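Note that these values count all heavy atoms, side chains included, but never hydrogens, waters or copies made by symmetry. None of these values were measured; they are calculated from a predicted model.
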Amino acid sequence: LMLLLLLCSTCVAQQRFFIKDTKTKISKPNFVIFLVDDLGYGDLGFTGHPTTNTPRLNEISRLGMRLTSWYSGYPVCTSSRTAIMTGRQPARVGMPGVINSLSVAGLPLNETTLAQKLKEAGYKSLAIGKWHLGQTPKYLPTARGFDSFLGLPYSVDDGIGYASSCSSDDSVSPKYATQVNLGPEIPLPLIKQNSTSSLIIQQPVDVVPMSSMYLNEVTTFVNTSMESSQQPPLFLYIAFPHVHTTTPNIAGLQYSGCKFQNSTRRGKFGDALAEVDAFAGAVYDLFKAHNLLSNTLFLFLSDNGPSLRWGASAGSMGIFTGRAALYSDTGKGSTWEGGIRMPAFAVWEGTIPPASMSTEIVSSMDIFPTLLSLAGLQLPSDRIIDGRDFSGIVLNNSASLHNFLPFYNEPDIKNPSYRIFAARLGKYKLHWITSPGLGGGIFPNVTRPAQETTHNPPLVFDVEQDPSEAYPLNGHSKEIVAAIQQAEMLKKNYEDNLYPRSINMTFGYAYALCCGVGCPPPCNSNTSCHCPHPVPLPQP
C-alpha cells in the first residue's frame with residue numbers, strides 16, 4: 001500500500017510539470033512571454049487604473065497568479081532585456097543601459113541566451129517586436145538561438161518611423177506621408193528572419209499596421225507548428241514595441257492600428273495599450289483553439305517603469321511614486337520602485353491556481369532559470385546565474401529564493417553600470433544611491449540634469465507597508481541597524497564576485513541599418529534610407 005501511495009504521489013508531481021497532450025505523449029510545456037515596453041505598474045485595469053480598459057489582460061490575469069513584487073533586471077531597455085535573455089546581472093555581462101541605432105556591438109557572443117538553451121530541448125522559437133540587444137546580423141535574434149523573428153532592432157524612438165492615415169479619402173501616399181532623413185537617427189527598419197533568410201522588409205516602417213503584421217506572424221507560427229507531425233514545444237517571446245514613446249513626427253508620441261485609434265478615454269497612450277490588450281487576448285485564444293492551455297505557461301511583464309518625462313504620452317507608476325524623493329520623476333531610469341517594480345502575472349491552466357496572488361520577490365532575471373527548470377534543462381555551469389527558479393512560487397506558493405536582490409544603475413544610460421544603487425532584503429528596500437528617472441527631475445523640465453545622492457547609512461523603507469517609499473525608517477532602531485549591517489555584508493559579497501565588463505562602445509554610421517548594413521557616403525542629414533523593396537542582410 002505504501003508503495004502504491006508513493007507511486008501515485010510521484011505521478012501527481014510529474015503532472016504538475018509535464019502535462020499530457022491529446023496524443024498522450026509526455027510533453028514539455030510551451031512558453032509565451034508578453035513583454036510590454038515602458039509599461040508602468042499603474043497602467044492596467046487589474047492594477048487599478050481608473051480609466052484604462054484592458055479587459056483581456058484583466059481576464060487572463062484572473063486565470064493565474066498575479067506577482068506583485070516583480071522587479072525588472074534594470075531600469076532601462078537594453079539591460080532589462082539582457083537580464084531576461086541571460087538570467088544575469090547586466091553589469092556582469094557588460095551591457096549599457098541602452099544601445100542605439102549606430103552601435104557596432106550587442107549582447108556578447110559568449111553569453112548563452114534563453115532561446116539557445118531551449119533549442120537544446122527541442123523548442124521551436126519565435127521572437128516578435130523589439131529586440132534591442134544588437135542590430136548587426138551576428139547579434140540579431142536568429143543568430144542568438146531563435147528560429148525566426150519579425151520586428152524592430154531597437155526602440156521606436158531610436159529610429160524614425162511614420163504613421164499612415166486610416167482615412168480612406170487621404171490623398172497623401174501613405175508610404176512617404178512623412179519625409180524622413182537620416183539626420184541624428186536612422187529611419188526605422190522592420191526586419192524579418194528565418195532559417196534561410198534575413199531581410200529588411202520596410203524602411204522606414206509604417207507603425208500603424210505593424211501589430212497586425214506581428215499577430216499574423218504569431219498565428220502562422222503556431223498553426224504551422226501544430227500541423228507538424230512532431231509538434232515541438234514552443235517558445236514565443238513577444239516583446240511589444242508598445243507603449244514606448246515614438247519620435248516627435250508621430251502625433252502624441254504614440255501609435256496604434258486603425259481599429260484602436262480613438263477607442264479609449266486615455267488618449268493615444270490608451271489606444272496603444274488597448275492594442276496590446278487585444279493582441280495578448282488573441283494569442284491566448286489561439287493557444288486555446290489548439291487545446292494547448294493546459295501545457296502552456298504565459299508570463300506577462302514590463303521591461304521597466306514608465307518614461308515620465310513624456311507626460312501623458314507615457315505611462316503611470318501607480319502607487320510606486322517614491323514620495324521621499326525630492327523630484328517627481330521616479331520612473332524609468334531610476335531604482336525607486338516606480339522605475340523597477342513591474343505589473344506581472346503567470347498563467348498555466350490546471351497547474352497555477354486561478355485568482356491567486358503572491359507578494360514574494362521575483363526578478364526578470366528569474367525567467368531564465370525557471371523556464372530551463374520546467375523544460376528539464378540544467379543551468380550553464382561555466383558562469384554565474386543571478387536569477388533564481390521561481391516555479392516554486394507559482395506552483396506551490398513557496399517563498400522567494402532571493403534573500404538579497406541588488407539593483408544596479410547608471411544614470412548615463414550609454415554606459416554599463418558597476419554600482420549597486422538599491423536592493424531588496426526581505427520586506428526592506430535599501431537605497432545607497434538615489435537619482436531621478438530619465439527626465440532628470442521635474443516634468444516638464446526634461447533637460448534638467450540628473451542629480452545623484454549618496455546615502456550613508458542607506459535610506460531604508462518597509463515596502464510591504466510603505467510601497468510608495470514615503471517614510472524612511474529610523475536608522476537607529478535595533479531592527480533597522482541589523483538589517484543595514486546584513487545588507488552591507490551581502491552587498492560587499494555581491495560586489496566582490498562581480499567582475500566589471502563592457503561591450504565595444506564604438507558607434508558610427510558604418511554600422512547602421514540603412515537598406516543593408518552601413519550608410520554609404522555622404523551619410524549626413526540629407527541622406528534618406530528608403531527601401532522600396534526587401535533588402536537582404538549579410539549572414540553573420
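- Between Phe298 and Tyr284, the distance separating the two ring centers is shorter than 6.0 angstrom.
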Q: Determine, step by step, whether Asp303 and Lys332 satisfy the salt bridge (Lys or Arg N to Asp or Glu O under 4.0 Å) criterion, reporting the C-alpha distance in whole Å, the side-chain angles of both residues, the deciding distance to 0.1 Å, and the verdict.
A: CA-CA 10 Å; Asp303 63 340; Lys332 178 180 181 178; 5.9 Å; no
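- Salt bridge present: Glu111 and Arg383 bring a charged side-chain N and a carboxylate O closer than 4.0 Å.
- Using a 4.0 Å cut-off between charged nitrogen and carboxylate oxygen, Arg341 and Glu469 do not count as a salt-bridge pair.
- Electrostatic pairing of Glu479 and Lys427 counts as a salt bridge here, judged by a charged N lying under 4.0 Å from a carboxylate O.
- Using a 4.5 Å heavy-atom threshold, the side chains of Leu379 and Leu372 count as touching.
- Checking Ser391 against Asp389 by side-chain atom types alone, a donor-acceptor pair falls below 3.5 Å.
- Ring pair Trp70/Phe390: centre-to-centre distance below 6.0 Å.
- Checked against the 6.0 Å centroid threshold, Phe300 and Phe345 count as a close aromatic pair.
- A donor atom on one side chain and an acceptor atom on the other are found under 3.5 Å apart for Arg266 and Thr52.
- In this model, no donor atom of one side chain and acceptor atom of the other lie less than 3.5 Å apart for Tyr74 and Gln89.
- Thr264 and Asp271 share a side-chain donor-acceptor pair at under 3.5 Å.
- Under the 3.5 Å distance criterion, with hydrogens and angles disregarded, a donor-acceptor pair is assigned to the side chains of Ser155 and Lys130.
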